[in-house]
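Here is the naming used below: chain letters follow the sequence lines, and residue numbers restart at 1 for every chain.
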Protein chains: 2
Amino acid sequence: MSTSIRVLLADDEDLIRTGLRIIVESEPGLSVVGEAADGAAAVSLARSLRPDVVLMDVRMPAVDGIQATRALTAAQGAPKVVVVTTFENDDYVYEALLAGASGFLLKRARADELVQAIRVVAAGESLLFPAAIRSLVAARGAARAVPGIGRLTAREGDVLRLMARGLSNAEIAAELVVGTETVKTHVGNVLTKLGARDRTQAVVAAYESGFVSPR
Amino acid sequence: MSTSIRVLLADDEDLIRTGLRIIVESEPGLSVVGEAADGAAAVSLARSLRPDVVLMDVRMPAVDGIQATRALTAAQGAPKVVVVTTFENDDYVYEALLAGASGFLLKRARADELVQAIRVVAAGESLLFPAAIRSLVAARGAARAVPGIGRLTAREGDVLRLMARGLSNAEIAAELVVGTETVKTHVGNVLTKLGARDRTQAVVAAYESGFVSPR
DNA sequence: ACCCGCCTCCCCCGCGCGGGGGAAATGTCG
DNA sequence: CGACATTTCCCCCGCGCGGGGGAGGCGGGT
């Protein structure tokens, strides 16, 4: 294994880079091998320095973080990229992951979360912060919202999730530890609210709306 | 945040549980609140103890880890589940994530990786080990995630696509300009080949395998 | 020519599902 | 306190669905 995880910083703001550098350098087993102020510099520096992890800002002059990520992750033996952004409500999440990023974090993350993220992606795993996941789901669901899917109660949502796993009413009743008649009521309510004729149409609506996702 | 991350162990082997307990307990901020030797016990213990994270073995007597995970993650406010398995070449990855697991790890993982995984999922993030990602990506690329979906005939594929749009047998028959009895035959064949019990499970399989996509 | 897979259509049968009603127990909120 | 939503359970009923057979035509293979 590597003795130390080599990190490259890419951010156009000096202040941010300095802050990141301090956090990374103060952590045993992590070291900063270079800094870049724009996407183009990040790509060329990454090719020469061959870091393990690149902390990539999204908004940068010339070449933005998404493009740089795409360029970096195309090659084999490429560094892992953690995209770091300021804003939570961010369409970049999806594009960043599509571009090959292994992680997505907010700048307001605590130092230990940042360090954790670096170690995780360096180990080859992937990491998303909660809001990023919601953002992904929302981005899909908002686009083709099914009228009424937001009007489901908590319990009805539970039932729909289990329906979308292919469970029968009896199985759902067993999972939720209630009677089958109760499940029938919830299922009926879900069908009515979603405008579905049968459970299959409800499951289709659940997938199309992003209420559940193919994982 | 919480003072300590509460962990429930579910594994049928005492040795493994002991090992896990030692690793978890020796870590500041983590504590083991209970142990279960089978899936059923894991579910009931989780409901009473309300842990933050459940370390779930796949192979257990009575109720296996996948079923237990499905039962646990159905409800809202459910604990995060990290599925732990011995074998890397594992179809369980897919099913575990389908069942709602937040993480998937190998038993051969190092102690610090395990601890890291617990912290990550407790924070609401998701974590996969490299091979699991490859497995998922591979499963998505080719429509082979569901055994038998590649064995569908052209006509059966047509029928499945229409099923996945929520059409009834009669509507499918009208769409394909054949008799309802013919559609019933195709539907029956699709169910058999996909190992599905009813049309809803077949539609779920169609979505999960990428045979149809939420547009 | 033969077999075999595919598509087509038909029979019967059991059961889960969905629609119709009602009702009681919670908890919330003005 | 009353109005309301939510969750839980119960009744009856009709029908679509799924499983079990079988059967004929049509094409492509060794």
Side-chain angles (χ1 to χ4, degrees), chain A residues 146-207 211-212, chain B residues 44 47 50 71-78 143 146-207 211-212:
Chain A
V146 172
I149 206 165
R151 304 170 49 107
L152 295 180
T153 67
R155 210 53 166 164
E156 287 161 359
D158 292 339
V159 170
L160 179 55
R161 269 182 285 273
L162 292 173
M163 288 167 67
R165 281 177 164 71
L167 302 197
S168 66
N169 287 343
E171 288 167 340
I172 294 173
E175 300 286 6
L176 297 182
V177 199
V178 296
T180 58
E181 295 300 327
T182 302
V183 173
K184 286 187 63 175
T185 301
H186 291 316
V187 170
N189 291 337
V190 168
L191 297 186
T192 300
K193 289 185 179 179
L194 297 189
R197 183 183 49 203
D198 51 44
R199 70 202 295 105
T200 305
Q201 287 190 347
V203 170
V204 170
Y207 273 104
F211 185 82
V212 297
Chain B
S44 61
R47 286 191 175 131
R50 307 198 68 77
L72 279 179
T73 58
Q76 280 188 337
V146 176
I149 206 165
R151 307 175 39 146
L152 296 181
T153 66
R155 209 54 168 164
E156 288 161 358
D158 293 339
V159 171
L160 179 55
R161 267 182 287 273
L162 292 174
M163 288 167 67
R165 279 164 47 182
L167 302 197
S168 66
N169 287 344
E171 288 167 342
I172 294 174
E175 189 77 28
L176 298 181
V177 199
V178 295
T180 58
E181 295 301 326
T182 303
V183 173
K184 286 187 63 175
T185 302
H186 290 316
V187 169
N189 290 337
V190 168
L191 297 186
T192 301
K193 288 186 179 177
L194 297 189
R197 183 183 49 201
D198 51 45
R199 68 202 295 105
T200 304
Q201 286 191 348
V203 169
V204 170
Y207 272 104
F211 185 82
V212 296

Asks: Of all heavy-atom pairs between A:L191 and A:D198, which one has the smallest distance, and what is that distance?
Replies: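 Residues A:L191 and A:D198, closest heavy atoms: CD2-O, 3.4 Å.
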Asks: What does the B/S/- profile of nucleotides 6-18 of chain C look like, 5' to 3', with a 4.0 Å heavy-atom cutoff to protein?
Replies: SSBBBB-----SB
Asks: If you define the side chain from C-beta out and look only at heavy atoms, does anything of A:Q201 sit under 4.5 Å from B:L167?
Replies: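 No. Closest side-chain heavy atoms not under 4.5 Å.
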Asks: Is B:E171 salt-bridged to B:R165, going by a charged N under 4.0 Å from an acidic O?
Replies: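 So B:E171 does not pair with B:R165 through a salt bridge.
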Asks: State, with a plain yes or no, whether a side-chain heavy atom of B:R155 is found less than 4.5 Å away from one of B:V178.
Replies: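 When only atoms from C-beta onward are counted, B:V178 and B:R155 do touch, with a gap below 4.5 Å.
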Asks: Closest approach of B:A202 and B:L160, non-hydrogen atoms and distance?
Replies: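 Taking B:A202 first and B:L160 second, the nearest heavy atoms are O-CD1, 3.9 Å.
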Asks: Could you tell me whether the side chain of B:Y207 reaches within less than 4.5 Å of the side chain of A:V212, counting heavy atoms only?
Replies: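 No, side chains not in contact.
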Asks: Quick check: do A:I172 and A:R161 have side-chain heavy atoms less than 4.5 Å from each other?
Replies: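 A side-chain contact is absent here, since even the closest heavy-atom pair is not under 4.5 Å.
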Asks: For DNA chain D, report each stem as range with range, ordered by first number, or say none. Use Watson-Crick or G-U wobble pairs under 3.5 Å, at least 3 in a row.
Replies: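 Correct response: C:3-5 with D:26-28, C:7-30 with D:1-24.
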